[in-house]
Amino acid sequence: MTKILRTLADLRVWRADRRGVGLVPTMGALHAGHRSLIERATNGNGEIVVSIFVNPAQFTNADDLARYPRDLDADAEIVAEAGGTAIYAPDASEMYPAGFATCVSVTGVTEDYEGEARPGHFDGVATVVTILLNQVRPDRSYFGEKDFQQLAMIRRMHRDLSLPGEIIECPTVRDHDGLALSSRNSRLSESGRQAALVLSSTLFAMRDHALDNLESPRRLTVMGAVLISANPAVALDYLEIVDPATLDPVDALAQGSRALVAATVDGVRVIDTIELIPR
């Protein structure tokens, strides 16, 4: 049976005599993508704790925070089925006690893309992930590559601050039609969901074209932008091909070159990514 831990004190008692602990940080509203992270964590760890905390510090819009889906009972079922042994579901006061006045800020990979569109978002993510890693002290932590800019930031922060454990990158999980799984997808209308498919189909086309023709990044992004912009229900924010470590735009394709895309559909921000040239 999956144990639910509500306080830091409970977590510390649970953690004290356990070895080989894997951590899957989430904000709840779990789906098959989260399930894949938990299942991945069962390989090589004796215990798997899934954190469920809707982090107010990473929301730039109060309405967005209020609308974020919350269903701990449903989440607990998924965690148990996937092999998780504990859920850490603290209140905000456990993560940000009275008088909390610290912010973790990572520069170099956070200023553009999601960082530009959502000011303060990455500071909120960096701060809460630092707290979680220090509270849980996992041997390994698992993050999906769909939020690739976030993953790059976490890798850099983990290195710079000598945070505990190892960061494990896990592939994007997609629905049968190619849409990258996200908790926000539940807010898309049926027509909006269909419109959002242009993001993944465009990334697939860019990857196929890159492998077949080794075209310049500039020509690939122009091609992709044309495909996405042809759908009037999709408002493209950015489409860029970047170096996977620095997130700087690249002048030539190389192993690991990655396309990042973000758009708004039905008032919902949808992001996706794909590796164009396999490493």
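Only heavy atoms go into these numbers, but all of them, side chains included; no hydrogens, no water, no symmetry mates. These numbers were taken from a predicted model, which means no experiment stands behind them.
- Contact of the Thr264 side chain with the Asp237 side chain is not registered, since no non-hydrogen atoms from C-beta on lie closer than 4.5 Å.
- Nearest approach of Ala86 to Leu5, heavy atoms of both residues: CB-CD1, 4.2 Å.
- Side chains of Leu197 and Gln194 form a contact here, defined as non-hydrogen atoms less than 4.5 Å apart.
- For the salt bridge (charged side-chain N to carboxylate O under 4.0 Å, His left out) with Glu169, the qualifying choice from Arg155, Arg140, Arg40 is Arg155, the only one to do so.
- In the model, Gln135 has a side-chain atom that pairs as donor or acceptor with a side-chain atom of Tyr88 under 3.5 Å.
- Residues Arg269 and Arg118 are in side-chain contact: their nearest non-hydrogen atoms beyond the backbone lie under 4.5 Å apart.
- Residues Leu72 and Ile38 share a single hydrophobic cluster, defined by chaining ILVMFWY side chains whose heavy atoms lie under 4.5 Å apart.
- Under a 3.5 Å cut-off, the side chain of Thr273 and the backbone N or O of Phe148 do not form any donor-acceptor pair.
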Given Ile277 and Leu211, is the side-chain contact (heavy atoms from CB on, under 4.5 Å) satisfied, shown in steps? CA-CA 7 Å; Ile277 307 292; Leu211 292 172; 4.1 Å; yes

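- Side chain of Arg70 to backbone of Tyr68: a donor-acceptor contact under 3.5 angstrom is found.
- In this structure a side-chain-to-backbone donor-acceptor pair under 3.5 Å is present from Arg15 to Arg18.
- Proximity of a side-chain donor or acceptor of Thr221 to a complementary backbone N or O of Arg218 within less than 3.5 Å is detected.
- Taking every heavy atom of both residues into account, Gly33 and Leu181 meet most closely at N-CD1, 3.5 Å.
- Side-chain contact check for Leu199 versus Val265: every heavy-atom pair is 4.5 Å or farther apart.
- In this structure, the side chain of Gln149 engages the main chain of Val109 through a donor-acceptor pair within 3.5 Å.
- When side chains are defined from C-beta on, His34 counts as touching Ser183, because their heavy atoms get closer than 4.5 Å.
- Between the side chain of Asn45 and the backbone N or O of Ile48, no donor-acceptor pair lies under 3.5 Å.
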Starting from the C-alpha separation in whole Å, work towards a yes-or-no answer on side-chain contact (heavy atoms from CB on, under 4.5 Å) for Ser182 and Val270. CA-CA 8 Å; Ser182 170; Val270 182; over 6 Å; no

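- Of the residues Asn185, Asp266, Asp175, the one that meets the side chain to side chain donor-acceptor pair (under 3.5 Å) test with Arg193 is Asp175.
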Residues 89-98, side-chain donor-acceptor partners within the protein, below 3.5 Å, at least two apart:
| residue | atom | partner | partner atom | Å |
| --- | --- | --- | --- | --- |
| Glu94 | OE1 | Leu8 | N | 2.9 |
| Tyr96 | OH | Asn55 | OD1 | 2.5 |

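- In terms of modelled atom types and a separation under 3.5 Å, the side chain of Asp243 and the main chain of Asp248 share no donor-acceptor contact.
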Intermediate values then yes/no, side-chain contact (heavy atoms from CB on, under 4.5 Å), Val49 and Trp14: CA-CA 10 Å; Val49 57; Trp14 177 88; 4.0 Å; yes

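- A donor-acceptor pair shorter than 3.5 Å can be found between the side chains of Tyr238 and Glu114.
- With hydrogens and angles disregarded, a donor-acceptor distance shorter than 3.5 Å links the side chain of Asp139 to the backbone of Gly20.
- The shortest side-chain heavy-atom distance between Leu161 and His158 does not fall under the 4.5 Å cut-off.
- Residues Ala259 and Met206 come closest through the heavy atom pair CB-CE, 4.2 Å.
- In this structure the side chain of Ile167 reaches within 4.5 angstrom of the side chain of Phe143, judged on heavy atoms.
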Between Thr127 and Ile131, does the side-chain contact (heavy atoms from CB on, under 4.5 Å) criterion hold? Intermediate values first, please. CA-CA 6 Å; Thr127 301; Ile131 294 169; 4.1 Å; yes

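- With hydrogens and angles disregarded, no donor-acceptor distance shorter than 3.5 Å links the side chain of Ser257 to the backbone of Leu253.
- Remark: the backbone N or O of Ala74 is paired with a side-chain donor or acceptor of Asp71 at under 3.5 angstrom.
- Shortest non-hydrogen contact noted between Ala263 and Val234 is CB-CG1, 3.6 Å.
- For the atom pair CG (Leu188) and CG (Leu179), the distance works out to 7.0 Å, reported to the nearest 0.5 Å.
- At least one side-chain heavy atom of Leu236 sits less than 4.5 Å from a side-chain heavy atom of Val261.
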